[in-house]
Amino acid sequence: LEGVVSDAQTAFPVGGATVTILGPSATDVYGLDGSYATGYHLAGSYSVQVTAPGYLPSVINNVVLENGVLTTLNVALEPAVAFSFQGMVVVQGTSDPVPNAQVMIHSPNYDYTTTTDVDGLFAIGSVFSDSYEITAGAWGWRTTCLQAQSLAPGGAPLVVELEPGYRDEFAFDLGWQVSGTATAGTWERGAPVGTSISGTPSNPGQDVQTDCADKAFVTGNGGGGAGDDDVDGGYTTLTSPVFDATAMVDPFVRYHRWFYNGGGSGSTNDALTISLSNGSTTAVLETITSADPGMSSWLFRNIRINDHLTPTATMRFITTAVDNAPGHVVEGAIDVFEVVEDLTTSIGQEAQPTFSVVPNPNNGQFRVVFQTGIDATIEV
């Protein structure tokens, strides 16, 4: 099956479209000249779908494919009508605007980004109908993700609510700073590109999957071999914007981190250090080396600020990956940073034999044991 896809109004070739023989697994994405070539090994009558960004999809039914025969199918696509998409970002539970919030709408075909004005309003021109994931965020707020929003002309303006607080999933650039002496593998924000060494992951192949978007901060993200873009020749430091922890009675910092150290010659001697500053004092929360468990995996951490220093209005979160001589492969990553109030109340273990939760406390895995024949509602 071969042919050319063109614009129905101008007859110009349409580049970047996708031709799919529905049913079988046969898809071709063709180039700028609008030409394509695909097929299937079983003769028969098929439906062919043609899609392209900025055009209405088209399905052609009863396309006959014969063994050894070239079938020509030229398709003219009607341009889609662009429209303006408007909305507002407000404080959760109110109509108060959130100025300077970043807004991103994403579909498999289109990506748009914008920033709210002083009244929390935003407008994106030339949007095409599709199903979009919508993400909004700003430093000092918890990022909001809205899934599968169908946008079309004539729709009502969208209202997105942001909860005050700090939760950065790195869907946006919210002002983290990179410094250091490393000659390669410095911190960068992006969708992680996985690398491995001797079958062991070194750079993560994806971010934390429970957050918005697909990005994290990683040390070098060029892909290729494990040693192509890891930390080399010194250290690289990632520093958060200033955050205020004084409004919370018992504030905690939470984050997911990744670390790998291996390869090279001799014993590994590199580290990932995570610190917290209150503007006058800096305290080390963790120093991770190759001897620590969980290397080459995303690990969650929940750390009480008061255990390390006095909370202030000028706090910063600092992560440093260092490559000491002689060189080894060093990779680090950070995702889903947040500051939260810990309101957990601990309870004693139920002593009666009819009901128990064990162990208590636990690391996230536990058993609920109770006798049959009793009525119980259990909320964790």
Side-chain angles (χ1 to χ4, degrees), residues 1-85 104-113 124-135 145-155 158 171 190-196 205-207 209 212-215 221-225:
L1 181 66
E2 293 183 1
V4 174
V5 178
S6 61
D7 186 302
Q9 296 185 8
T10 66
F12 291 153
V14 174
T18 300
V19 178
T20 303
I21 301 175
L22 299 179
S25 178
T27 299
D28 188 55
V29 180
Y30 48 92
L32 295 177
D33 62 355
S35 62
Y36 73 93
T38 187
Y40 193 61
H41 67 279
L42 291 180
S45 179
Y46 296 97
S47 295
V48 177
Q49 177 178 272
V50 183
T51 61
Y55 290 85
L56 299 176
S58 178
V59 176
I60 301 91
N61 297 314
N62 301 318
V63 177
V64 177
L65 299 182
E66 300 180 54
N67 293 119
V69 177
L70 176 63
T71 299
T72 300
L73 178 66
N74 296 323
V75 180
L77 293 181
E78 289 289 342
V81 177
F83 61 95
S84 177
F85 172 59
M104 174 175 61
I105 66 174
H106 165 77
S107 78
N109 299 310
Y110 310 104
D111 283 290
Y112 307 93
T113 58
I124 304 174
S126 300
V127 175
F128 294 100
S129 297
D130 210 339
S131 181
Y132 291 91
E133 297 175 355
I134 299 176
T135 306
C145 301
L146 303 177
Q147 303 296 325
Q149 301 288 309
S150 181
L151 303 184
L158 181 71
V193 179
T195 59
S196 62
Q206 59 185 13
D207 73 335
Q209 294 295 282
C212 293
D214 60 354
K215 294 179 175 58
N221 202 33

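Just so it is clear, the values below take in all heavy atoms, side chains as well, and ignore hydrogens, waters and symmetry mates.
Scanning both residues, Leu151 and Tyr132, for their nearest heavy atoms gives CD1-CD1, 3.5 Å. The nearest pair of heavy atoms linking Tyr110 to Gly54 is OH-N, 2.5 Å. Here the shortest heavy-atom pairing between Ser47 and Asn61 reads OG-OD1, 2.8 Å. Between Tyr36 and Leu73, the shortest heavy-atom distance links the atoms OH-O, 2.7 Å. Closest heavy-atom contact between Ile60 and Ser58: CD1-OG, 3.8 Å. Taking both residues in full, the closest heavy atoms of Asn67 and Ala43 are given as OD1-CB, 3.5 Å, listed atom of the first, atom of the second, then distance.
Rounded to the nearest 0.5 angstrom, Ser6 OG and Leu77 CG are separated by 7.5 Å. Atoms CD and OG, from Gln149 and Ser107 in turn, are 13.0 Å apart once rounded to the nearest 0.5 Å. A distance of 11.5 Å separates OG in Ser129 from CG in Asn109, rounded to the nearest 0.5 Å. In this structure, NE2 on His106 lies 13.0 Å from OG1 on Thr113, to the nearest 0.5 angstrom. Note that OG1 of Thr20 and CD of Gln49 are 6.0 Å apart. Values are rounded to the nearest 0.5 Å.
Under the 4.5 Å side-chain criterion, counting only non-hydrogen atoms from C-beta, Tyr112 is in contact with Val127. When side chains are defined from C-beta on, Val19 counts as touching Val48, because their heavy atoms get closer than 4.5 Å.
Residues satisfying the side-chain contact (heavy atoms from CB on, under 4.5 Å) criterion with Glu78, sequence neighbours excluded, are Ala8, Gln9, Leu56. With sequence neighbours excluded, the residues forming a side-chain contact (heavy atoms from CB on, under 4.5 Å) with Leu70 are Glu2, listed by chain and number. Partners of Phe85 according to the ring pair (Phe, Tyr, Trp, His ring centres under 6.0 Å) rule, which considers only residues two or more places apart in sequence or in another chain, are Phe122.
The only option from Ile134, Ile124, Thr135 that meets the side chain to side chain contact (heavy atoms under 4.5 Å, CB included) definition with Met104 turns out to be Thr135.
Remark: side-chain polar atoms of Asn221 are paired, donor with acceptor, to backbone N or O of Ala191 under 3.5 angstrom.
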Run the side-chain contact (heavy atoms from CB on, under 4.5 Å) test on Leu65 and Ile21 for me, step by step, so that the C-alpha distance in whole Å, both residues' side-chain angles and the decisive distance to 0.1 Å come before the verdict. CA-CA 10 Å; Leu65 299 182; Ile21 301 175; 4.0 Å; yes
